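Notes for the one structure printed next.
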There are 2 protein chains.
Amino acid sequence: MSKQTKARIIEAAEYLFALQGYGQTSMREITARADVNLASVNYHFGSKKNLIQAVLKRYFDVMMPQIDEALAKLVPSVGRKGVDQVLQNLKGPLLNLNAVQPDGTEMFVQLLGKGYTESQGHLRRFIMGSYGETVQTILAMLRTALPAIPADELFWRLHFAIGSFVFSMASSQALKDIAKADYQQDIDIADVIEHLFPFVAQGISGDGYQNEG
Amino acid sequence: MSKQTKARIIEAAEYLFALQGYGQTSMREITARADVNLASVNYHFGSKKNLIQAVLKRYFDVMMPQIDEALAKLVPSVGRKGVDQVLQNLKGPLLNLNAVQPDGTEMFVQLLGKGYTESQGHLRRFIMGSYGETVQTILAMLRTALPAIPADELFWRLHFAIGSFVFSMASSQALKDIAKADYQQDIDIADVIEHLFPFVAQGISGDGYQNEG
DNA sequence: GTCTATAGGTTGATAGAC
DNA sequence: GTCTATCAACCTATAGAC
């Protein structure tokens, strides 16, 4: 059955990509884990590149419309409160990815991080080409919340925020181990978000920016 | 001459590692760029793993003692000001890496970022094993600056801060491209730090934490 | 210390039988 | 749609001549 095979490949691939990265995961590993034939990846997806995009597309296609919908209704307040509102509206769509797949949210963020740092140009082009509009909407909302902060400064802060998130996920196994050993805490993705969003909101809202000469 | 060859290898390797990552850079690329024989890497460093560690060690061995020295004299104030003081004392040693090599700071942080996200366990183990004490000192300083914030909450924030930094560096090429295209800015590492530190300080110092149930 | 040559393994992709 | 077999290219590492 084609449908089953295709789905098995996607699931195996996303697990391994999230864990090891794209470049370090071979098609042989993927097909072995999916328990399908090696040649079936190229039959169903054409190439490894296409498979990588298909894995991410599955999540983006669920999340981005939800974000669009959530933000369409929003007129953010000015200041820290507005930033909180924007972030709050991202939280739902993000956590809903757990419906796509068990641990889907965590998987997605890790895939995103790996895609960013393994500077495979084709992935960034694919994302920005397909979903750039939603990204722009998020930025516009933050601009409404923080009208006094220049666009380029906001661009920086948004990227720092993404970095906090992605890094936490990318090293989440290490974080989990440390937290358990040193602080007797068992962590899941919702915990990370609960700690992360105040940190990020605080950092984004700061008014102490200055363009150094 | 052995010394020259070894140095040429290190320089070529760190450039390519920083640009492409460790896994995606082959010894053939390195030796071609260094204009030395392929076999010389294994002769001088034993293995690719050792070469990776040697590249990072060159920077850590310069920076970590400087951080130790800078922090030894410091008794941070309480509050946001204390956090700023701690970060300020990290800035110098970090920027001094430009003395190791032109663009040394940028190179180093990119190497660090790639090392963290390409979860090559041996690298994290090497770093924490060799320089973990300095990391602990930094944490202790932040605890002095923010005595009201529980240790586990500070642990979270420190990781988010590291995440902002490492991710920004690991994806700095992408950031540069975007900044140039969308905001007509040419960025260097000092710019990134100038934007990053206030963001991080703001996020770490926030007093709006709450342990959700 | 430097070189050539090569071993021994991996990779992504494909041709062609079924 | 699935399989086997294989290609051509790449990889790290090493043996051994100079």
Side-chain angles (χ1 to χ4, degrees), chain A residues 1-58 111 114-115 117-123 125-126, chain B residues 1-58 111 114-115 117-123 125-126:
Chain A
M1 239 167 296
S2 149
K3 186 108 187 268
Q4 246 208 40
T5 298
K6 218 171 159 176
R8 293 167 73 91
I9 291 172
I10 289 246
E11 279 174 32
E14 83 170 31
Y15 175 82
L16 292 168
F17 286 155
L19 196 71
Q20 307 174 332
Y22 303 100
Q24 318 260 2
T25 300
S26 70
M27 318 211 19
R28 278 171 174 82
E29 271 181 287
I30 294 168
T31 51
R33 183 182 172 87
D35 200 25
V36 300
N37 188 271
L38 170 62
S40 61
V41 173
N42 279 284
Y43 177 80
H44 285 288
F45 296 94
S47 70
K48 188 181 177 182
K49 248 181 205 175
N50 285 355
L51 174 59
I52 292 174
Q53 296 186 3
V55 163
L56 267 172
K57 182 173 159 54
R58 189 161 72 120
L111 291 168
K114 295 271 159 60
T117 52
E118 286 184 38
S119 45
Q120 301 271 21
H122 75 97
L123 238 187
R125 260 175 281 128
F126 164 70
Chain B
M1 239 167 295
S2 147
K3 186 110 184 264
Q4 246 209 38
T5 298
K6 216 170 160 176
R8 294 167 71 92
I9 292 172
I10 291 244
E11 281 174 31
E14 83 171 29
Y15 174 82
L16 291 167
F17 286 155
L19 195 71
Q20 307 174 332
Y22 303 99
Q24 319 260 2
T25 300
S26 71
M27 320 220 353
R28 275 173 174 80
E29 273 181 286
I30 295 167
T31 52
R33 182 184 172 87
D35 200 24
V36 300
N37 189 272
L38 171 62
S40 60
V41 173
N42 279 283
Y43 176 79
H44 285 289
F45 296 94
S47 70
K48 188 182 178 182
K49 249 180 205 175
N50 285 355
L51 174 58
I52 292 174
Q53 295 186 2
V55 163
L56 267 174
K57 182 174 159 52
R58 189 161 72 121
L111 290 168
K114 294 269 160 60
T117 51
E118 284 185 40
S119 44
Q120 302 268 19
H122 76 98
L123 238 186
R125 259 175 282 128
F126 164 70

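Just so we're clear, the structure is a prediction, and the values are computed from it rather than from any experiment. A note on names: the letters A, B, ... follow the listed sequences, proteins ahead of strands, and every chain is numbered from 1.
- Sorted by first and then second residue, the salt bridge (Lys or Arg N to Asp or Glu O under 4.0 Å) pairs involving residues 9-25 of chain B (not counting sequence neighbours) are E14(B)-R58(B).
- Residue F17(A) comes nearest to K114(A) through the heavy atom pair O-CG, 4.1 Å, listed as atom of the first residue, atom of the second, then distance.
- In this entry the distance linking CZ of F45(B) with C1' of dT14(D) reads 18 Å, nearest Å.
- The two atoms that bring S47(B) and N42(B) nearest to each other are CA-OD1, 3.8 Å, heavy atoms only.
- A side-chain hydrogen bond (donor to acceptor under 3.5 Å, both in side chains) check over residues 30-39 of chain A, counting only residues at least two apart or in different chains, returns nothing.
- The side-chain contact (heavy atoms from CB on, under 4.5 Å) test applied to A18(B) returns M107(B), Q110(B), L111(B), not counting sequence neighbours.
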*Can you give one letter per nucleotide of nucleotides 3-18 of chain C, 5' to 3': B if a protein heavy atom sits under 4.0 Å from the base, S if only from the sugar-phosphate, - if neither?*
BB------BBBB----

